[in-house]
Q: 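Sharing a structure with you now.
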Amino acid sequence: SVRRGGWAECVESLGGQAELQEEPEPSSTPVRDPDDAYLVALSEAADALIVTGDDNLLSAGLTPPAVTPTELLHRIWQTGSREERPPHNS
């Protein structure tokens, strides 16, 4: 787990990376929950990861992929240099 201050710091650091996107075209990628279709279409249009705990999205084989918050933190810490790193939970 990441200490509470670590989560806040992470969220703040990502805030400056946000980009507004146009309304996406519908995706042809099938998803179990119709409410997720818009999120998948937006992810594909923006070439952006979906960060979620939703097992349906995590197992859907999306491109770009859906990842858990912990997986996102591992990706961030692998590409950056941070003193505090999350524990490895494989």
Side-chain angles (χ1 to χ4, degrees):
S1 70
V2 176
R3 64 179 171 79
R4 289 178 193 250
W7 283 109
E9 179 183 303
C10 181
V11 170
E12 286 177 21
S13 71
L14 294 174
Q17 305 300 315
E19 295 178 17
L20 294 177
Q21 296 291 319
E22 297 293 322
E23 187 75 22
E25 294 293 321
S27 173
S28 61
T29 303
V31 289
R32 289 183 191 150
D33 183 346
D35 290 338
D36 291 336
Y38 175 79
L39 187 58
V40 171
L42 188 58
S43 169
E44 292 171 346
D47 193 29
L49 300 172
I50 296 174
V51 181
T52 184
D54 184 317
D55 288 332
N56 289 330
L57 288 172
L58 292 169
S59 65
L62 303 174
T63 302
V67 298
T68 65
T70 300
E71 289 173 305
L72 176 64
L73 288 176
H74 282 286
R75 287 171 181 243
I76 291 169
W77 274 300
Q78 286 174 355
T79 60
S81 59
R82 298 225 180 223
E83 284 185 28
E84 181 187 356
R85 294 177 182 263
H88 185 64
N89 295 330
S90 296

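Residue numbers run from 1 in the order of the sequence given. Computed over heavy atoms, backbone and side chain alike; hydrogens, waters and symmetry mates excluded.
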Q: Can you give me the closest heavy-atom contact between Ala48 and Pro64, atom names plus distance?
A: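 Closest approach of Ala48 to Pro64: O-CG, 3.3 Å.
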Q: Could you tell me the separation between the CD atom of Glu71 and the CD1 atom of Ile76, rounded to the nearest 0.5 Å?
A: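 Answer for the CD-CD1 pair, Glu71 versus Ile76, is 12.0 Å.
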Q: Sequence neighbours excluded, which residues qualify as side-chain contact (heavy atoms from CB on, under 4.5 Å) partners of Ala37?
A: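 Here the qualifying residues are Val31.
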Q: Show the nearest heavy-atom pair for residues Leu62 and Ile50, with the distance to one decimal.
A: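 Between these two residues, the closest heavy atoms are CD1-CD1, 3.9 Å.
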Q: To the nearest 0.5 angstrom, please state how far the OG1 atom of Thr68 sits from the CG atom of Asp54.
A: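 Separation between the atoms: 12.5 Å.
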Q: So which pairs with a foot in residues 39-53 pass side-chain hydrogen bond (donor to acceptor under 3.5 Å, both in side chains), sequence neighbours left out?
A: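 Every side-chain hydrogen bond (donor to acceptor under 3.5 Å, both in side chains) pair that includes a residue of residues 39-53, provided the two are not neighbours, is Ser27-Glu44, Thr29-Glu44.
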